[in-house]
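Reviewing the structure listed below.
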Amino acid sequence: MTTQSPTLDSAGRSAHRSAEDIGRTEQGPRPLPELSEQRAPADLSTVDTTIANGLRVVAVRRASVPMVEVRLRVPFADPAPSSVGSQHSAWGEVLANTILTGTATRDRVAIDTELALVGSELDAVVDPERLSISGSVLAAGLGTVLDVVRDVLTGATYPADEVDRERDRLVERIALARSQPNVIAREALQKHLYGDHPFAKEMPEADEVARVTRDEVAALHARAVLPKGSVLVLVGDIDPDTIVGTVESVLGSWTGEGTAVTISPLPQVTPGDVLLVHRPGAVQSQIRLAARALERTDPKYPALQLANLVYGGFFSSRLVENIREDKGYTYSARSHPEFTPHGATLMVDADTASDVTAAALLETRYELARLGLVPPSEEEVEVARRYAIGSLLTATSSQGGLASFLVSLAGLGLDLDWFVAHPERLEKVTVEEVAAAALEFFAPTAFTGVLVGDADKLAPQLKALGGVKLP
Amino acid sequence: MALPELHRFTLPNGLRVVLAPDTSAPVVGVSVHYDVGFRSEPEGRTGFAHLFEHLMFQGSESLEKLAHFRHVQSSGGTFNGSTHPDYTDYYEVLPSAALERALFLEADRMRAPKITQENLNNQIDVVKEEIRLNVLNRPYGGFPWILLPPVLFKTFPNAHNGYGDFTDLENATVEDCAAFFDTYYAPGNAVLTVAGDFTVEGATALVEKHFGDVPARTVPPRPSFAEEPPKGEVRSEHTDPHAPFPAVAIGYRVPDPVAELDAYLAYLVLAGVLTDGDGSRLQQRLVHRDAIVTDINAGCGLFGPLEARDPDSFTITAIHAPDVPVERVVAALDEELQLLAEQPPTAEELAKVTARWASTMHREHDRLTNRTLGLGSAELLFGRAELIHELPERIAAVTVDEVAAAAKALRPDSRAILIVNPANAGGTE
């Protein structure tokens with residue numbers, strides 16, 4: 001093979017071929033290679049059991065690196081029927097931010113130091129459904145992590161100075177979060193869909209946080225951080241059979257009356273106009289649409305999953321190919337189901353410049369209607385099916401990916417068997433079933449939503465388009 | 001654990017190939033790193049390297065527009081590309097049955113990308129939306145990666161905005177694309193990495209089959225982007241229309257990561273001692289004791305450590321309450337650096353940092369996307385893909401005195417300070 005030696009132009013750059021010449025070769029286009037035979041993943045060595053205190057423990061061996069991923073989820077919903085007048089969200093946020101700051105034998109720095117020395121970090125976060133403590137550790141240090149987890153679950157002391165400082169910091173962090181357009185849109189959407197249901201309250205108000213006392217946090221811990229109903233997932237370089245015994249002996253001392261509180265069923269999503277939320281000075285708008293979807297356990301779910309992929313669930317979808325790759329209205333457009341213990345919601349998201357927002361909303365609705373009326377072709381369904389099956393493989397090929405996937409399934413009452421059997425369910429879905437799901441769940445009339453942007457710029461076009469409630 | 005297997009060879013057209021077989025899961029990663037990033041884009045064409053990255057997904061001789069995405073995704077795979085100061089990467093991660101397909105897709109666009117005016121116009125719009133999303137419409141957009149370089153650096157390659165301004169993007173032509181491709185996207189200017197479930201013989205044959213006839217082209221000499229560190233403390237202020245609180249970024253220069261890797265790693269460890277975890281120096285002092293910042297971070301490189309050649313940076317960023325003068329944050333930082341310079345950190349402080357790095361490196365290695373990209377960038381920038389496996393040990397070898405020396409070198413008389421003021425709070429301090 002010889003090297004072509006281009007001459008240099010006056011600017012010292014090499015003279016180059018034209019774009020047309022670059023884009024063709026003497027040989028011409030070549031055929032796409034076929035896929036070779038796919039090797040199946042190795043069977044996972046796993047234990048899924050409930051120990052005496054009521055904690056479900058899922059342990060999976062995957063020894064690709066000498067690490068263990070740790071995911072603890074405690075259902076942690078507000079037992080009140082409405083978030084109005086409830087301090088639960090504020091207490092919960094302060095609890096999550098201080099649970100790792102003190103026990104009878106360890107202070108904040110001691111906890112961090114012990115974890116760091118075994119290559120571990122633990123993070124505690126709370127949302128309307130649950131309290132999660134997550135992290136990872138060098139496999140040799142798993143005992144240390146379990147002991148720290150035991151210590152904070154059974155004896156977090158919520159030192160007054162830590163609570164005071166974290167409370168102040170939380171007020172600042174909430175203000176920071178609420179300056180993000182995606183957070184503004186998310187809060188507006190949840191409120192629009194679910195009103196005062198505690199599920200819609202993803203963040204407390206600053207004044208609610210400011211009122212939280214140390215004793216209230218400690219009391220919430222005592223009544224709500226409960227093993228029964230909670231799940232601990234461990235994935236990594238472990239022996240699942242022996243690790244369950246270890247967990248039982250370390251975390252057996254974590255006890256409490258009753259069962260951790262699961263979120264109550266959500267009100268049905270009511271179809272209707274999209275609510276325009278004014279954000280002065282915005283140069284881009286957030287389109288957020290929502291409709292009812294199906295639980296993962298529903299027999300029609302696999303068909304809905306494929307219909308969603310064809311609509312906007314991956315890059316090779318109608319929505320992305322239309323509003324991004326054809327029209328350039330957006331960088332990010334997608335649709336996805338969001339699961340709760342009693343149901344599911346279909347979400348459609350796109351962020352788009354103010355001057356094309358109304359047009360993008362029009363196309364988004366058009367593609368919703370088209371999915372039902374001109375249903376996905378055999379080829380579209382096949383692309384979606386192969387993606388759904390293959391991406392399950394790639395997404396769960398790491399310890400962290402598998403642990404996160406299993407803990408979210410566990411939160412829905414599902415287990416490893418559901419995961420292992422899912423490719424077969426997807427294989428069986430017919431084009432007709434996808435068409436039926438498309439017609440039933442993707443009708444534009446099934447949707448509602450919010451649109452965040454500069455109303456002064458957007459109002460005239462949105463008013464003309466219709467189906468938008470202006471401020 | 002034994003070091004993972006690694007094979008490398010170079011095709012006659014100059015393409016460097018790294019193979020990292022691992023059969024623990026039936027998935028495979030393929031990446032191509034081209035030795036050109038936004039430091040190489042010409043004046044008047046800011047953002048061009050990134051825009052061009054988008055165009056590489058828009059079709060090639062054997063692939064219509066949209067075909068690349070469909071072929072990857074219908075094989076069950078994921079894909080992406082990203083533009084860095086010194087390189088641009090492209091990758092696919094797929095079930096291993098699709099290895100040949102991924103190699104075909106990468107080879108086809110290395111051989112003959114189809115660049116059209118229509119696709120260029122479309123992707124200019126898409127990139128502008130990306131910039132609105134990540135910079136213009138959100139608080140702290142481009143902080144500090146776009147905002148700090150013009151304060152820390154003087155020359156265009158190092159100082160300019162790698163996302164580009166809208167006028168420059170709109171001025172990009174198909175001619176520019178052709179020139180950029182012919183100059184920088186030669187096989188001899190690239191590294192192909194394949195990691196995951198395959199046999200070395202099988203993958204070698206497929207690489208030769210698909211990339212072997214990509215014609216060789218002249219590889220441009222790699223320019224030096226070296227420039228003097230700042231003389232004195234250089235300051236700049238930026239008004240952010242969306243930020244609720246003030247923020248500050250303090251930037252320093254660090255040793256050349258390629259020529260002086262171990263010296264550079266001392267700064268990486270220093271960053272951990274300063275801000276990694278509740279027990280770190282600056283978290284304890286600024287977040288918990290003085291309670292003057294909401295969050296603080298320190299690190300090497302504007303995109304993470306070992307992501308760029310010389311000149312590279314060490315950056316500390318903090319968001320603080322409006323009633324806290326930025327001088328108080330900077331003074332506290334200087335005190336803590338001086339303490340470290342005079343009294344090296346303890347062995348336990350270093351042990352914490354090295355254990356967390358070991359853990360981080362294991363997790364990166366376990367995610368096939370990160371492993372593939374990490375091997376490729378290490379081969380491209382350092383000529384040593386195996387560096388990603390050696391890092392935990394080299395980081396563990398950093399001594400307390402080297403960390404003290406690094407702290408001492410972060411001098412107030414040679415640094416950049418970028419102050420971000422919220423527009424609605426108004427004024428400067």
Side-chain angles (χ1 to χ4, degrees), chain A residues 1 3-5 14 16-19 22-25 29-30 33 35-39 41 64-67 108-109 112-113 116-117 119 136 138 165 169 172 175-176 179-181 281-284 314-316 321 324-325 328 330-332 351 353 383 386-387 389-391 393-394 397-399, chain B residues 1 12-13 24-27 61-62 66 69-70 73-78 93 95-98 100-101 104 112 114-115 122 125-126 129-130 132-133 136-139 174 177-179 181-183 216-218 241-242 244 277-279 291 294 351-352 355-356 358-359 362-363 365-368:
Chain A
M1 198 156 311
T3 298
Q4 298 163 7
S5 298
S14 52
H16 60 84
R17 296 170 291 166
S18 69
I22 286 171
R24 63 185 168 225
T25 65
R30 305 168 189 222
L35 298 176
S36 61
E37 182 126 356
Q38 181 60 42
R39 188 168 71 83
S64 44
V65 289
M67 297 285 299
R108 174 198 280 274
V109 172
D112 182 59
T113 301
L117 288 170
S136 58
L138 293 166
R165 172 62 194 136
R169 211 172 152 210
E172 291 164 6
L176 280 171
S179 67
Q180 297 282 354
V283 298
Q284 200 176 41
F314 65 157
F315 200 96
S316 299
E321 292 189 355
R324 174 178 156 136
E325 291 300 294
T330 187
Y331 173 69
S332 54
D351 291 35
V383 171
R386 299 272 70 84
Y387 177 76
I389 294 170
S391 60
L393 202 59
T394 53
S397 68
S398 68
Q399 294 174 346
Chain B
M1 198 174 70
N13 59 13
S24 66
V27 290
E61 184 177 39
S62 312
L66 304 177
F69 311 119
R70 286 180 190 164
Q73 296 196 310
S74 69
S75 310
T78 55
V93 168
S96 42
E100 182 172 8
R101 202 168 264 196
F104 170 84
K114 252 191 300 211
I115 303 158
N122 169 247
D125 285 343
V126 171
E129 290 291 349
E130 181 180 351
R132 288 187 186 102
L133 181 75
L136 301 176
N137 199 46
R138 53 170 291 186
V174 169
C177 297
F181 178 81
D182 254 2
T183 307
R217 293 197 306 280
T218 304
H242 307 293
D278 280 349
T294 308
K352 291 193 298 179
R356 277 194 169 143
S359 169
H362 282 312
R363 297 180 87 216
H365 184 81
D366 196 38
R367 288 188 285 252
L368 185 55

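Quick note: numbers below take in every heavy atom, side chains included, and nothing from hydrogens, waters or symmetry partners. Quick note on labels: first sequence line is chain A, next is B, and so on, each numbered from 1.
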Worksheet item: Considering only heavy atoms, which portion of A/Ile389 lies under 4.5 Å from any heavy atom of chain B: side chain, backbone, both, or neither?
Response: neither
Item to complete: Would you mind telling me which of B/Ser24, B/Pro139, B/Ala25 has the largest number of heavy-atom pairs within less than 4.5 Å of chain A?
Response: B/Pro139
Discussion item. Whether the side chain of A/Ser398 engages the backbone of B/Arg367 through a donor-acceptor N/O pair (distance < 3.5 Å, no angle test) should be reported.
Written reply: no
Item to complete: Name the region of A/Thr330, side chain, backbone, both or neither, that has any atom closer than 4.5 Å to a heavy atom of chain B.
Response: backbone
Fill in: Heavy-atom pairs under 4.5 Å with chain B, option from A/Ser18, A/Ala353, A/Pro41 with the top count
A/Ala353
Worksheet item: Of the listed residues (A/Ser136, A/Gly281, A/Ser332, A/Ala282), which shares the most heavy-atom pairs with chain B below a 4.5 Å separation?
Response: A/Ser136
Item to complete: Using non-hydrogen atoms and a 4.5 Å limit, figure out which bit of B/Pro95 sits close to chain A: side chain, backbone, both or neither.
Response: both
Item to complete: Could you grab the distance from atom CG of B/Asp182 to atom CD1 of A/Ile22, nearest 0.5 Å is fine?
Response: 4.0 Å
Fill in: Region of A/Arg324 that comes under 4.5 Å of a non-hydrogen atom in chain B
both
Response to the item:
Heaviest contributor of heavy-atom pairs below 4.5 Å to chain A, chosen from B/Ala98, B/Ser96, B/Ser75, is B/Ser96
Worksheet item: Top residue by heavy-atom pair count (under 4.5 Å) with chain A, among B/Glu100, B/Lys352, B/Arg138?
Response: B/Lys352
Item to complete: Flag the pair B/Arg70 / A/Ser316 as yes when at least one side-chain heavy-atom distance between them is below 4.5 Å, and no otherwise.
Response: yes
Worksheet item: For B/Val27, is it the side chain, the backbone, both, or neither that has a heavy atom closer than 4.5 Å to a heavy atom of chain A?
Response: side chain
Practice prompt. For the pair B/Arg101 (side chain) and A/Pro33 (backbone), establish whether a donor and an acceptor sit closer than 3.5 Å, ignoring hydrogens and angles.
Written response: yes
Worksheet item: Checking A/Gln38 side chain against A/Gly390 main chain: does a donor-acceptor pair fall under 3.5 Å?
Response: no
Worksheet item: Once you round to the nearest 0.5 Å, how far does OH of A/Tyr331 lie from CD of B/Glu130?
Response: 3.5 Å
Worksheet entry | Residue, of A/Gln399, A/Glu37, A/Glu172, that accumulates the most heavy atom pairs under 4.5 Å with chain B | A/Glu172
Worksheet item: To the nearest 0.5 Å, how far apart are OG in A/Ser64 and CZ in B/Arg363?
Response: 11.5 Å
Worksheet item: For B/Phe69, is it the side chain, the backbone, both, or neither that has a heavy atom closer than 4.5 Å to a heavy atom of chain A?
Response: both
Fill in: chain B contacts, top residue of A/Arg39, A/Arg386, A/Met67, A/Arg24 (heavy-atom pairs, under 4.5 Å)
A/Arg39
Practice prompt. Without swapping roles, check the side chain of B/Asn137 against the backbone of B/Arg132 for a donor-acceptor pair under 3.5 Å.
Written response: no
